Amino acid sequence: MTTAIIGTGGLGSVIARQLASGGETLRLSSADTEAARTLAAQIGSAAVVAADNRDALNGADAVVLALRFTVLKSVIDQIADLLSGQVVIVPSNPVTIDAHGNLARLLPEGQSSGKVVAGWLPAGAHLAMAFGTMSADLFESSANRSPEPAVLFYATDDDRAGEEAERLIRTAGFDPMKAGGIEQSGRLEVGGDLHDLVVGPAQARSLIGAA
Ligand SMILES: NC(=O)c1ccc[n+]([C@@H]2O[C@H](COP(=O)([O-])OP(=O)(O)OC[C@H]3O[C@@H](n4cnc5c(N)ncnc54)[C@H](OP(=O)(O)O)[C@@H]3O)[C@@H](O)[C@H]2O)c1
């Protein structure tokens, strides 16, 4: 299966490496094509560099938008006509670093990124919020945990997106677990109670139910 990854920065590059090591074929695209080329060279024949963001979707079974929240809408607008019928996986947290170097939330308290991103997508896109639930370092070091795999939470309202998110999460070396519908994605974000946790399935289930 083939996944497009748009954005090959801190998180996108780790997602790409984990998916490739699980057998996924990748089409990479980034603002800095050189960064995408370097990553593709590290990964080897499983990854190709697309000509641009639109080309990345060519033949892809899903697209991961590994982009900062501040550029997400402009990239969605650029590729919107290609997203109807497509599975779209979004790891973005609605945060930025402010002028004082502090982490600042970009959305009003109580408004989840998933709800906002869903409103930016065209009708027919299949959205799941996933892969942004832990820091890139933790994500990489927790993959393929043994004997019990670590859980990666996701949120979606869409069955097809859920199936594809689960397949990709397994490919990346984790046990998938749905935290709830898209309105629950706030729990997965920075500051949410399910963010940056490395837990097995039993603990994950009790945490989901605890809210
Ligand atoms: N890093 C983490 O530990 C982590 C953990 C959980 C969730 N997340 C979320 O994941 C998202 C990405 O974070 P990050 O740390 O990977 O950020 P990042 O290192 O800044 O990477 C963002 C990537 O997007 C590319 N990009 C920017 N504009 C683009 C465009 N118009 N078209 C295509 N690519 C474009 C950037 O290219 P240039 O460098 O050339 O601008 C860069 O490669 C964020 O929303 C963040 O909240 C990150």
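Numbering starts at 1 and runs along the sequence shown. Whatever order the structure lists them in is the order used to number ligands and atoms, beginning at 1. The model shown is predicted, which means the values in this text are computed figures rather than measured ones.
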Point to revise | Atoms in ligand 1 with a heavy atom of Ala66 nearer than 4.0 Å | key: 12 (C), 22 (C), 23 (C), 24 (O)
Practice item. Could you find the nearest protein heavy atom to atom 29 (C) of ligand 1 and give me its residue, atom name and distance? Key: Ala31 CB, 3.6 Å
Exercise for review: Please determine if Arg68 has a nitrogen or oxygen closer than 3.5 Å to a nitrogen or oxygen of ligand 1.
Suggested key: yes
Practice item. Specify the protein heavy atom at minimum distance from atom 32 (N) of ligand 1: its residue, its atom name, and the distance to 0.1 Å. Key: Asn53 ND2, 2.9 Å
Study note, to complete from the structure: Under 4.0 Å from one or more heavy atoms of Val75, ligand 1 contributes atoms 30 (C), 31 (N), 32 (N)
**Study point:** Separation between CG of Leu168 and CE of Met1, rounded to the nearest 0.5 Å
**Key:** 8.0 Å
Practice item. Examine the proximity of ligand 1 to Ser13 and report which part, side chain or backbone, both or neither, has a heavy atom under 4.0 Å away. Key: neither
Review point. Once you round to the nearest 0.5 Å, how far does NE2 of His195 lie from OG of Ser135?
Key: 7.0 Å
Check your understanding: Can you tell which part of Ile6 has a heavy atom less than 4.0 Å from ligand 1: side chain, backbone, both or neither?
Key -> side chain
Practice item. Tell me which one of Leu11, Leu65, Leu67 gets a heavy atom nearest to atom 4 (C) of ligand 1. Key: Leu11
Check your understanding: If you measure from each heavy atom of Ser30 to ligand 1, is any distance below 4.0 Å?
Key -> yes
Check your understanding: Cut-off 3.5 Å, side chains only: do Thr171 and Glu24 have a donor facing an acceptor?
Key -> no
Check your understanding: At what distance is the nearest protein heavy atom to atom 46 (C) of ligand 1, and which residue and atom is it?
Key -> Asn93 N, 4.0 Å
Review point. Does the protein put a heavy atom less than 4.0 Å from atom 39 (O) of ligand 1?
Key: no
Review point. For ligand 1, which atoms have a heavy atom of Asp32 less than 4.0 angstrom away?
Key: 40 (O)
Revision key, fill the gap. Among non-hydrogen protein atoms, atom 21 (O) of ligand 1 lies closest to Gly9 CA, 3.3 Å
Review point. With the threshold set at 4.0 Å, does a side-chain nitrogen-carboxylate oxygen contact exist between Glu166 and Lys178?
Key: no
Exercise for review: Would you please say whether a donor-acceptor pair under 3.5 Å links the side chains of Ser112 and Glu183?
Suggested key: no
Check your understanding: Under the 3.5 angstrom rule, does the side chain of Arg27 hit a backbone N or O of Ala47 as a donor-acceptor pair?
Key -> no
Revision key, fill the gap. A student checking ligand 1 against Pro91 at a 4.0 Å heavy-atom cut-off should list atoms 7 (C), 9 (C)
Review point. Relative to atom 5 (C) of ligand 1, which among Glu140, Gln78, Met134 owns the nearest non-hydrogen atom?
Key: Met134
Exercise for review: Using the rule that two of Ile, Leu, Val, Met, Phe, Trp, Tyr join whenever any of their side-chain heavy atoms come within less than 4.5 Å, decide whether Ile169 and Val90 are in one cluster.
Suggested key: no
Revision key, fill the gap. Phe69 heavy atoms within 4.0 Å reach ligand 1 at atoms 45 (O)
Study note, to complete from the structure: atom 3 (O) of ligand 1: closest protein heavy atom, distance to 0.1 Å, is Ala136 N, 2.8 Å
Exercise for review: Spell out, as yes or no, whether a donor-acceptor pair under 3.5 Å connects the side chain of Asn93 to the backbone of Val190.
Suggested key: yes
Review point. Are Arg167 and Glu164 close enough, and set up right, to give a salt bridge (Lys or Arg N to Asp or Glu O under 4.0 Å), and what steps lead you there?
Key: CA-CA 5 Å; Arg167 185 187 73 77; Glu164 187 64 1; 2.8 Å; yes
Point to revise | Ser29 (side chain) donor-acceptor with Asn53 (main chain) under 3.5 angstrom | key: yes
Review point. Has ligand 1 got any nitrogen or oxygen that is less than 3.5 angstrom from a nitrogen or oxygen of Gly10?
Key: yes
Check your understanding: Between Arg105 and Pro94, is there a donor-acceptor pair closer than 3.5 Å when you use the side chain of the first and the backbone of the second?
Key -> no
Exercise for review: Report yes or no: does Ser142 contribute a side-chain atom to a donor-acceptor pair with the main-chain N or O of Phe139 at less than 3.5 Å?
Suggested key: no
**Study point:** ligand 1 contact by Ser29, heavy-atom criterion under 4.0 angstrom
**Key:** no
Check your understanding: For ligand 1, which part of Thr133 has a heavy atom less than 4.0 Å away: the side chain, the backbone, both, or neither?
Key -> neither
